[in-house]
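Take a look at the structure below.
Hydrogens, waters and symmetry mates play no part in the numbers below; they use all other heavy atoms, side chains included. Quick caveat, the model's predicted, so the values are computed rather than measured.
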Amino acid sequence: MIKVGFMTMGCPKNQTDTELMLSRLEDAGIEIVDEDIKADIMIVNTCAFIKSAKEESIEAILDLGWLKQNRNLKGIIVTGCMAQRYFEQIKKELPEADAVLGLGAESEIAETVKKLYETGEGTYECGAPEELVMEGGRILSTPDYYAYLKISEGCDNRCSYCAIPSIRGAHRSRTMESILEEAKLLSENGVKELCLVAQDTTRYGLDLYGEYKLADLLEALCTTPGINFEWIRLLYCYPDKITDRLCEVMAKYSMIAKYIDLPIQHISDHVLEAMNRHGGAEIIRSAIERLRSHMPEIMIRTTVMVGFPGETDKDFALLNSFVRDTLFGRLGAFEYSREENTAAYMMPKQISAKTKAVRLDNIMNTQYTVAQEINSSYIGRTVRVLCESYDNVSECYFGRTEAHAPEIDGGVYFTSRRKIPAGEFVSVLIKDVCDYDLTGRETGK
C-alpha cells in the first residue's frame, strides 16, 4: 500500500482542502501516515498569502527534499495556493517538487500519487480555481471534537494588497442544503464545535440567493433536527456586512458562540480607501457598536495591518489609539507584504522594513496591555472550558472557552484532581493570568 503524508500550511480554509484530498486518497486505497519519515509520497498544501507564508511553504519543500535524498521518500507533490499562483515558477525553480497541482486540479490527487509512486513521473496541472472542490467526503485533520466547515470559496472584495481573488477566483457559495447536510454528519460524528470559514463568511449567499444569507444559515444550523453543537463559531467576517439581522440571530441562539473574527485592517479613512476596503472608519465603529449592543459579552477578534504604502505616523497613531480604546479581546497584526499583481504593489510611498517592524512591535505592545486588562477581569470567575490536552511538564490541562478560537487565541491552563479526556467540557475557576492565557483549577469534581 502506498503511504502518503501531508503538510498543510496557512489557514483553516486550506485545511479543509487537505481534508477533502485525504478522503480521495483513502477511497483510492492509499494509506495516510502522520510522519514524513514513514511516507512514500509527501504532499505539501501551500499558502501564498504573504511573503512569510510563501517562505514557510518553500522551506517545507526544501526540507522534504533532504528526505528524498537521504531517506526513503520517493516524491513530493505541491498543492494549494502557491501551486496555483506560482505554477510555472515551481516547475522551473523547485526541482524538489515532483508534481504540482493547482487548486483547480486537486481532485486529481489520487491519480497523481499513484502515477508518481509507480512510474516516477510527475503531473503538472493547474486548472481554473473555480474548479476547486468545496464539498464531498472529508477526513478530519482536527481533533474529533471540533471541525471547520467551508461555506463559500473565493473573494470579490478586491482589497488592493491581496492576491487571493486572483488565486482562488470569484466568490461562490455552497448551497445551504449541502452545508446543512455536512453539518449534520459532523454533529452525528461527535463534533462539538463547528467553525464556519470562507474568505468572507458574511458575503455568504449573495451569488446564489441575491442577498446576504449568513444569518439565515446560522438560524437553520440552530433549528434543523439532527444538528446539535455546543458552539458554532464565526471566522473571517467583514465590518460592512454586519447587519442587525445577523446580530439578532447570533444573540438569539445559545448554540452560536458569542465570538466573531472581524478583520478591520486599519481605522484611518485615508489608508482604508487606499486598501480598497468596503467602508471606512464609521462602518467599522458601527459594526462593533452593533455587535456589542446586541451581545455585550461578545468576544471580538480583529486583524490589523501596519506599514501599508502611504501610512503616515499620524495614521499609525490613530490605529494604535483605536486598538487601545476599543478593547479588542483578541488581535493579530502583520506587516504589509508587497505582493506582485496587486494594486498596492506599485503604489508610491512604500514603507521601510524598519518602520514596519517598529510599528508592528508598538501595536502588539498596545494589545498586550489591553489583553492583560481584559484577562484580569476573568480572575475569580468560573468559566466553561473545552479540555484539549494535558501537559506533563507543567502538570496542567489546557482548554478553551467560548471566547477562544482553536489554534489562534490561546486558552486556559488548569489543574484537576481527576483525569479528563480531550473533548470534555469542565468548569474552571480562574485564578491568574499568564501573558495571553488564563490559569485556574477545575471545580465541582
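Every side chain to side chain contact (heavy atoms under 4.5 Å, CB included) that Val433 has, sequence neighbours left out, goes to Gln372, Asn375, Ser376, Ile379, Leu438.
Inter-residue side-chain proximity for Tyr148 and Glu193 is flagged as unmet; no heavy-atom pair is nearer than 4.5 Å. With a 4.5 Å cut-off on side-chain heavy atoms, Tyr397 and Glu442 do not count as touching. Looking at heavy atoms from C-beta onward, Val304 lies out of side-chain contact with Gln367 at the 4.5 angstrom threshold. With a 4.5 Å cut-off on side-chain heavy atoms, Ile109 and Leu25 count as touching. With a 4.5 Å cut-off on side-chain heavy atoms, Tyr336 and Lys356 count as touching. Side-chain contact between Leu67 and Asp36 is present, with heavy atoms from C-beta onward closer than 4.5 Å. Phe316 is listed as a side-chain neighbour of Ile363, based on a closest heavy-atom distance under 4.5 Å.
Of the charged side-chain nitrogens involved, none lies within less than 4.0 Å of a carboxylate oxygen, so that Arg400 and Asp409 do not count as a salt-bridged pair. Looking at Glu111 and Lys114, no side-chain N of the basic residue comes within less than 4.0 Å of a carboxylate O on the acidic one, giving no salt bridge. The pair Lys241-Asp200 meets the salt-bridge criterion, with a side-chain N (NZ, NE, NH1 or NH2) lying under 4.0 Å from an Asp/Glu carboxylate O. Here Asp17 pairs with Lys150 in a salt bridge; the nearest charged N to carboxylate O distance falls below 4.0 Å. Asp207 has no carboxylate O lying under 4.0 Å from a charged side-chain N of Arg172, or vice versa, which leaves the two without a salt bridge. At a threshold of 4.0 Å, the pair Glu424-Lys419 does not count as salt-bridged, since none of the basic side-chain nitrogens sits closer than that to a carboxylate oxygen. Note on Arg24 versus Glu108: no salt bridge recorded, every NZ/NE/NH1/NH2 to OD/OE distance being 4.0 Å or above. The pair Glu339-Lys54 meets the salt-bridge criterion, with a side-chain N (NZ, NE, NH1 or NH2) lying under 4.0 Å from an Asp/Glu carboxylate O.
Across Ala99 and Gly122, no two heavy atoms sit closer than the pair CB-CA, 4.2 Å. When all heavy atoms are compared, the tightest approach of Pro225 to Lys184 is O-CE, 4.0 Å.
Between the side chain of Ser152 and the backbone N or O of Tyr204 there is no donor-acceptor pair closer than 3.5 Å. A donor-acceptor pair is defined here as one N or O able to donate and one able to accept, closer than 3.5 Å; such a pair exists between the side chain of Asn14 and the backbone of Met9. A donor-acceptor pair under 3.5 Å is absent between the side-chain atoms of Asp391 and the main chain of Cys396, judged by distance alone. Under a 3.5 Å cut-off, the side chain of Thr202 and the backbone N or O of Tyr238 do form a donor-acceptor pair. In this structure, the side chain of Thr46 engages the main chain of Met82 through a donor-acceptor pair within 3.5 Å. In this structure a side-chain-to-backbone donor-acceptor pair under 3.5 Å is missing from Ser427 to Thr443. Remark: side-chain polar atoms of Ser160 are not paired, donor with acceptor, to backbone N or O of Ala343 under 3.5 angstrom. No donor-acceptor pair closer than 3.5 Å links the side chain of Glu402 to the backbone N or O of Tyr259. A donor-acceptor pair is defined here as one N or O able to donate and one able to accept, closer than 3.5 Å; no such pair exists between the side chain of Lys115 and the backbone of Glu121.
Asn320 and Thr366 form a side-chain donor-acceptor contact under 3.5 Å, judged by distance and modelled atom types alone. Between the side chains of Thr18 and Asn45, at least one donor N or O lies within less than 3.5 Å of an accepting N or O. For Ser141 and Glu19, the side-chain atoms include at least one donor-acceptor pair closer than 3.5 Å. Side-chain contact check for Arg203 and Asn157: at least one donor-acceptor pair (N or O, by modelled atom type) lies under 3.5 Å. Between the side chains of His404 and Arg330, at least one donor-acceptor pair of N or O atoms lies under 3.5 Å. No side-chain N or O of Glu153 forms a donor-acceptor pair with one of His171 less than 3.5 Å apart.
Under the side-chain contact (heavy atoms from CB on, under 4.5 Å) rule, Tyr117 has a single partner from Ile30, Thr112, Asp40, which is Asp40.
For Gln69, the CD atom is loosely surrounded, since the number of other residues' heavy atoms within 6.0 Å does not exceed 12. Remark: Lys68 NZ is packed, more than 12 non-hydrogen atoms of other residues, nucleotides or ligands lying under 6.0 Å away.
Annotation: Trp231 is in aromatic contact with Phe425 [ring centroid separation under 6.0 Å]. Between Tyr368 and Tyr436, the distance from one ring center to the other falls under 6.0 angstrom.
Here the CZ atom belonging to Phe398 is positioned 10.0 Å from the CG atom belonging to Leu386, to the nearest 0.5 angstrom. Distance check: Ile58 CD1 to Glu96 CD gives 10.5 Å after rounding to the nearest 0.5 Å.
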